[in-house]
Amino acid sequence: MAFQNGIIDFRSDTVTHPTKEMRESMASAEVGDDVYGEDPTVNALEQRSAEKLGKEAALFTASGTMGNLIAVLAHCGRGDEAIMGTEGHTFLHEVGGISALGGVFPHLIPSKPDGTMDLNDVRNAIREEDIHHPETRLFIVENTQNSCGGTPISLDYMQSISAIFHPAGIRLHVDGARIFNAAVALKTSAKELVKNADSVMFCLSKGLCAPVGSMLGGSREFISRARKIRKQLGGGMRQAGIVAAAGLIALEKMTTKLNKDHERAKLFARGLFDIDGIVLDKGEPKTNMVYIQIADDHPMEPEKLIKLCKDKQILIGQSGPRHFRFVTHFWIADEDIDKTISVINNAMAD
Ligand code: TLP
C-alpha cells in the first residue's frame, strides 16, 4: 500500500499521509479560535493527550521542533544549560533554536549506541555551585532514540536518570517524538515510560499519520507557561481543530498499529542483510528504523543507489557518506518491502 501515486517512501515516517478517516474527520471538525481557548477539537486533543501521557495538561504545537523548543524555553532562562546527548535530535536537527532563541547552552554528553548516556557521564555532567558555571536546569532524553537506530529507552533507565537529576533540582524533558513506538516495542504504555518526566513531547505527524502537529505534556503550571511561549513564537493557530481532528484519530486509532511497522522493519532488515555489500549499520531494528551501510569495498556509489531506487518509484534517504536510513510506516506494506529488497539486490549485483 504505497501512496496513491505509487511512490514507496522510506525517507522518514514524517512523509506519511493522513488516512481516509482522518480526512473525513477533518472535513467535519468543529472549530473555534484556539488562541481564545475556544476550539473544542483542539481542547479534546489536548485533554486526551494529557490522559495518554499521565500528565495534568497538554499543548498542541505546530511541530516536534516547536514542542521541544517551547519545553526548553519554559524550563530554562537565558544562560542556563540543558544537558543532552551528542546524538540527540535537539542538538543535531533543531537548527540550534534553543541557543538562538532562548540563549540556552547545550551541555553535550556522548550518546551510546543503545541510545542511552552513560550514568557516570550523566552524574558528572551536573556542575557544583561555582561562580564560573551556568545553572544546569534541564536534561533531555530522546525516546525512541532516532540516530541510534530508533532504539527504545527503558523505564529502568528513565528511573535511573530521574534519581540522579531530580534530587539536584534538574528537570527531565523527554523528546518522545516516537514515544508510542517505544511503548509498543517495550510492551508498556507511553504513560508508564514518561512517569518520571517533567515534560514530554510526542509527534502526531510521524508514524501516527496526522498531517501536522505535536503535543507537549506536563503540569498545569508548566503548560500554561508553555502556551504563552507558543504564542510568543507565533504558534497560536486559531481554527486549528481542522488539524487536531486528525490528531485525535492518530491518538485513538494509530498507536496500536505501530507494531506492524516494527515487524516490517525486521523483515526488511533480514532481506537487506542477505544482500552482498549491505551491512546493517546499527544492528537489528528495534522499532521502525533500519540503518544500513554500503560496505566500503563494494563499488556501488550511494548516489547511484538512490537513483536506481528512484527510477523504480522508491525514495530512500542518506544518513551518512555511505549510509542510509529506511523508516517503515503505515503507507509501506509487505509487498513494498519485497519490491525494495529485490530492487536493491539487483542494483548491488549489477
Ligand atoms: N525527525 C526527522 C528529521 O528532523 C531528522 C526525521 O525524519 O526523523 N524529535 C525527534 C526524535 C525527531 O526524529 C524529529 C523529526 C523531531 C523531534 C522534530 O519533529 P518535527 O519534524 O515535527 O519538527
Side-chain angles (χ1 to χ4, degrees), residues 9-18 49 59-73 82 84-98 100-101 106 111 114-117 138-153 173-183 185 190 193-194 197 199-217 230 233-235 237 240 243-244 246-247 250 258 261 265 281-282 285-291 315-320 323-332:
D9 195 342
F10 283 102
R11 290 171 302 166
S12 182
D13 47 9
T14 60
V15 304
T16 49
H17 292 184
S49 300
L59 179 74
F60 187 37
T61 66
S63 65
T65 302
M66 181 185 261
N68 282 338
L69 175 62
I70 292 174
V72 174
L73 298 185
M84 64 197 79
T86 44
E87 292 293 329
H89 193 275
T90 302
F91 173 61
L92 292 179
H93 299 300
E94 295 177 12
V95 210
I98 62 165
L101 303 171
S111 301
D114 70 357
T116 64
M117 287 154 264
L138 186 65
F139 181 75
I140 305 178
V141 61
E142 191 175 309
N143 199 1
T144 62
Q145 221 300 346
N146 183 344
S147 301
C148 295
T151 43
I153 307 296
H173 172 68
V174 177
D175 173 349
R178 297 181 182 83
I179 195 69
F180 293 101
N181 293 83
L193 281 178
V194 301
S199 58
V200 46
M201 182 285 288
F202 73 85
C203 294
L204 298 161
S205 62
K206 299 195 166 55
L208 303 185
C209 288
V212 177
S214 295
M215 304 304 301
L216 178 62
R230 183 187 68 175
L233 294 173
M237 291 191 287
V243 272
L258 294 171
D261 302 341
D281 186 23
K282 304 199 180 196
K286 301 200 175 46
T287 58
N288 66 335
M289 294 182 184
V290 184
Y291 280 85
L315 302 184
I316 66 176
Q318 216 169 331
S319 57
H323 304 67
F324 294 88
R325 181 189 69 165
F326 295 79
V327 187
T328 54
H329 52 74
F330 181 75
W331 295 98
I332 288 181

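Numbering of ligands and ligand atoms starts at 1, following listing order.
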Which pairs of N or O atoms, one from ligand 1 and one from the protein, are separated by less than 3.5 Å, and what is the distance for each pair?
unit_1   : atom_1 : unit_2 : atom_2 : d
ligand 1 : 1 (N)  : H89    : NE2    : 3.1
ligand 1 : 4 (O)  : H89    : NE2    : 2.9
ligand 1 : 7 (O)  : S12    : OG     : 2.7
ligand 1 : 7 (O)  : R325   : NH2    : 2.8
ligand 1 : 8 (O)  : N146   : ND2    : 3.0
ligand 1 : 8 (O)  : R178   : NH2    : 2.9
ligand 1 : 8 (O)  : R325   : NH1    : 2.9
ligand 1 : 8 (O)  : R325   : NH2    : 3.4
ligand 1 : 9 (N)  : D175   : OD1    : 3.0
ligand 1 : 9 (N)  : D175   : OD2    : 2.7
ligand 1 : 13 (O) : N146   : ND2    : 2.9
ligand 1 : 13 (O) : R178   : NH1    : 2.8
ligand 1 : 19 (O) : K206   : NZ     : 3.0
ligand 1 : 22 (O) : G64    : N      : 2.8
ligand 1 : 22 (O) : K206   : NZ     : 3.3
ligand 1 : 23 (O) : G64    : N      : 3.4
ligand 1 : 23 (O) : T65    : N      : 2.9
ligand 1 : 23 (O) : T65    : OG1    : 2.6

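- Residues forming a side chain to side chain donor-acceptor pair (under 3.5 Å) with D261 (at least two apart in sequence, or on another chain): none.
- For D175, the salt bridge (charged side-chain N to carboxylate O under 4.0 Å, His left out) test picks out no residue, with sequence neighbours left out.
- Between the side chains of H89 and E94, at least one donor-acceptor pair of N or O atoms lies under 3.5 Å.
- Ion pairing between D13 and R178 holds under the 4.0 Å rule for side-chain N and carboxylate O.
- Side-chain atoms of N288 and H329 form no donor-acceptor pair, as typed in the model, at a separation below 3.5 Å.
- The side chain to side chain contact (heavy atoms under 4.5 Å, CB included) test applied to L73 returns L69, I229, L233, not counting sequence neighbours.
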